[in-house]
Amino acid sequence: MQSYYVTTPIYYVNDEPHLGHMYTTIAADVLARYQRLSGKDVFFLTGVDEHGQKVQQAAEKRGIAPIELADQVVERYQSLWPELEISNDDFIRTSSPRHKAGVQAMWRRLENAGTIYKGFYEDWYCVPCEAYWTETQLKDADCLASDGLETNCLESKLCPDCKRAVEKIQEESYFFRLSAFQDRLIEHIKANPDFIAPASRRNEVLSFIESGLRDLSISRTTFSWGVPVPGDEKHVIYVWIDALTNYLSALGFPDSDQPAHWPADVHLIGKDILRFHAVYWPAMLMAAELPLPKRIYAHGWWTVEGEKMSKSRGNALRPAELLAQYDADVLRYFLLREVPFGQDGDFSFSALKQRYNSELANDVGNLLNRSLAMLNKYRDGLLGAVAEENEIDRALIADAQAMQREVADYMDKQSFHLVLERINAVVRHGNRYVEDNAPWVLAKQGDDARLDTVLYHLIEMLRLVALQLLPFMPEKMAAMLEQIMNRSVTVENCSFATDGGWGVLAAGHQCRKPEPLFPRMD
RNA sequence: GGCGCUUUAGCUCAGUUGGUUAGAGCAACGGAAUCAUAAUCCGUGUGUCCGGGGUUCGAGUCCCUGAAGCGCCA
């Protein structure tokens, strides 16, 4: 069976789950569910990043151990995912023994490959961002001083990114010879156009690498909450070496030298962590002589009602509040439909309502409802035999089948909004088909043969639509399929191979009475 | 400051290697129909394709230049 491995980033436990985390995880879930339906051996991984100075300090502030803090936040993620119907196959915690073993094994591999050396590190460090800044970087960045005067970040000693205080650090450190991989990285990215998506991010990464890579400081001695360097335990392994290795440690690395499912088919990430995934991670893997992931996809950010989400504004959407108001399925649909994956987007309640009413309630929901209503009204819910297919019928079938193929292509490219747009086009075709055939006229005329044919095509088309939408809206589409199939439908008992063909429903099949799937929102 | 991207209908955007009357969805307006969650279907756009210059028989599509917005890097 063909493997399919999809990951989300591991989310940092210093942060509560918010819309951004939901978004990435839902996208990964849709891919995982789609590939399972396609018959692939799917492994879908998410998890949490627990280490680092920021977590250690936050825990100290509250007078608890870092692991206690982590436990609390991990719980928030682990309880949220089922509510959003996230079907991850594993959940990796960086504090777990299996992960630490993986990280230390990775370290040794890098060491054995001669890509690690000990040196001396002096730089400015921003604790909240876990970012290191050079003097030049600080000097060139504008920071507003507390008296309101313009100044640079070196003078004000502020982080150019978050504008919070940076501290000067000077420490013994191990370094990774990132610079040695510059040419190979460029070569790989150029030889594999799909490696980094979207294309704009690929260009950014290329120009970043081409501008010259510095060796990377990969150990710290200033805090202890992390994975110790093997053989030199006063050093803690840099959080990104630690975090990135989760994609392998969850697969059992290093116990299995060639972990099943590796390489990943796609790492979904936010655009903020592109460099770590598209530069550091591939370089590490090259050094460790492991295959590179096939694809890294950096998606965009959400604003809320046109405003940037931030803690200070207090406008971050709380998952619990959203779920109290909307079905998980509706949120999943909206997030992936509203904005092309890779671009920034705006979450607004009016846009959500509009999409819902027009695409889910009026188009799909009502088409299902009117089709089943007619089937029940005219034929007691029984599907009849297809008499003779005409041009109009064949066009509908062809469209549904083309839709299946095109959805597969779009899925391979993570073009979720195009997938949904394409499915919606078939739904519109279905509504047009109803008008063109006017089943109520056929019923009045007593043209049973034609009426049966029309209703059959409608129901069969709806079944294929529901199947394609199943990864996006698992509960709603299971309910839709149950109305059509008249039996309980779960993701486990469906597949494109057995259910994806036209004509699976037999004459004489009994459908249920319609129940509104997507009631209109006021 | 360097590199790159974007600028097309009221809104969000498609527009392949330059080629006949520039498209979609939503919104708006008019009509049809009544199976349906008053949902659906049909019809309706004289758009300076950001401005200016150029290449070409021909440019939204290529080149130069200007403006605005954005991203990455320094």
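Throughout, protein chains are lettered first and strands after them, A, B, ... in sequence-line order, and every chain is numbered starting at 1.
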Taking the inter-plane angle between the rings of A:H299 and A:F341 on a 0 to 90° scale, is it parallel (under 30°), tilted (30 to 60°) or perpendicular (over 60°)?
tilted
A quick test of your reading: do over 12 heavy atoms of other residues, nucleotides or ligands sit less than 6.0 Å from CD of A:E435?
yes
Using the C1' atom as the point on both nucleotides, what is the distance between B:G60 and B:C73, in whole Å?
31 Å
Measure across A:Y456 and A:G384 and return the closest heavy-atom pair with its distance rounded to 0.1 Å.
CD1-O, 3.9 Å
Which part of the nucleic acid does A:A361 contact within heavy-atom distance under 4.0 Å: base, sugar-phosphate only, or nothing?
base
What distance separates A:F416 CZ from A:L336 CG, expressed to the nearest 0.5 Å?
5.5 Å
Using the C1' atoms only, state how far B:G47 lies from B:U65, rounded to an integer number of Å.
25 Å
Need to verify one output field. Residue with the more 5' nearest nucleotide on RNA chain B, A:L517 or A:K271?
A:L517
Taking atom C1' in both B:A9 and B:U48, compute the distance separating them and give it to the nearest angstrom.
13 Å
With A:D344 via salt bridge (charged side-chain N to carboxylate O under 4.0 Å, His left out) - residues at least two apart:
A:K271
Report the C-alpha distance between A:E482 and A:R487 in whole Å, list the side-chain angles of each, state the deciding distance to 0.1 Å, and finish with yes or no for salt bridge (Lys or Arg N to Asp or Glu O under 4.0 Å).
CA-CA 5 Å; A:E482 282 179 26; A:R487 64 172 165 82; over 6 Å; no
Base, sugar-phosphate, or nothing for A:Y378, non-hydrogen atoms under 4.0 angstrom?
sugar-phosphate
Indicate, with a heavy-atom threshold strictly under 4.0 Å, whether A:L367 touches base, sugar-phosphate, or nothing.
nothing
Roughly how far, to the nearest 0.5 Å, is CG of A:L464 from CE of A:M403?
6.0 Å
5'-most contact on RNA chain B (nearest-nucleotide basis), A:A373 vs A:N203, goes to A:N203
Taken to the nearest whole Å, CZ/A:R201 to P/B:G4 is 16 Å
CD of A:E359 versus C1' of B:U40: gap in Å, rounded?
15 Å
Where along residues 453-489 of chain A does a heavy atom fall under 4.0 Å from RNA chain B?
none
What class does the angle between the rings of A:H457 and A:W502 fall in, given that below 30° is parallel, 30 to 60° is tilted and above 60° is perpendicular?
tilted
Chi angles and distances behind the salt bridge (Lys or Arg N to Asp or Glu O under 4.0 Å) call for A:R295, A:D412
CA-CA 10 Å; A:R295 190 161 163 89; A:D412 279 343; over 6 Å; no
Taking atom P in both B:G51 and B:G10, compute the distance separating them and give it to the nearest angstrom.
14 Å
Using the P atom as the point on both nucleotides, what is the distance between B:G4 and B:U8, in whole Å?
22 Å
Take atom CG of A:D522 and atom P of B:A39, then tell me their distance rounded to the nearest Å.
11 Å
Look at the aromatic rings of A:Y326 and A:F349 and report parallel, tilted or perpendicular, splitting at 30° and 60°.
parallel
Write out a two-atom table: protein N or O, nucleotide N or O from nucleotides 11-15 of chain B, distance below 3.5 Å.
none

Whole Å only: how far is the CG atom of A:L360 from the P atom of B:G25?
17 Å
Using the P atom as the point on both nucleotides, what is the distance between B:C5 and B:C49, in whole Å?
22 Å
Sorted by chain and residue number, the ring pair (Phe, Tyr, Trp, His ring centres under 6.0 Å) partners of A:F334 (sequence neighbours excluded) come out as A:F347
Could you give the distance separating B:C62 and B:G19 at their P atoms, to the nearest angstrom?
11 Å
Take the angle between the ring planes of A:F175 and A:Y121 and call it parallel below 30°, perpendicular above 60°, tilted in between.
tilted
Please give me every residue in residues 411-443 of chain A whose heavy atoms get under 4.0 Å of an atom in RNA chain B, ordered by residue number.
A:R428, A:N431, A:R432, A:E435, A:W440
Pairing nucleotide - B:U37, Watson-Crick or G-U, each distance under 3.5 Å
none
Between residues 178-190 of chain A and RNA chain B, which residues have a heavy-atom gap below 4.0 Å?
none
In whole Å, measure the gap between the C1' atoms of B:A33 and B:C42 for me.
10 Å
Using the six-membered ring wherever Trp is involved, compare the ring planes of A:H21 and A:H18 and label them parallel, tilted or perpendicular (cut-offs 30° and 60°).
tilted
Presence of A:R520 side-chain N/O under 4.0 Å of B:A39 phosphate oxygens OP1/OP2:
yes
Counting the atoms with a prime plus P, OP1 and OP2 as sugar-phosphate, which does A:N369 contact under 4.0 Å by heavy atoms, base, sugar-phosphate, or nothing?
base
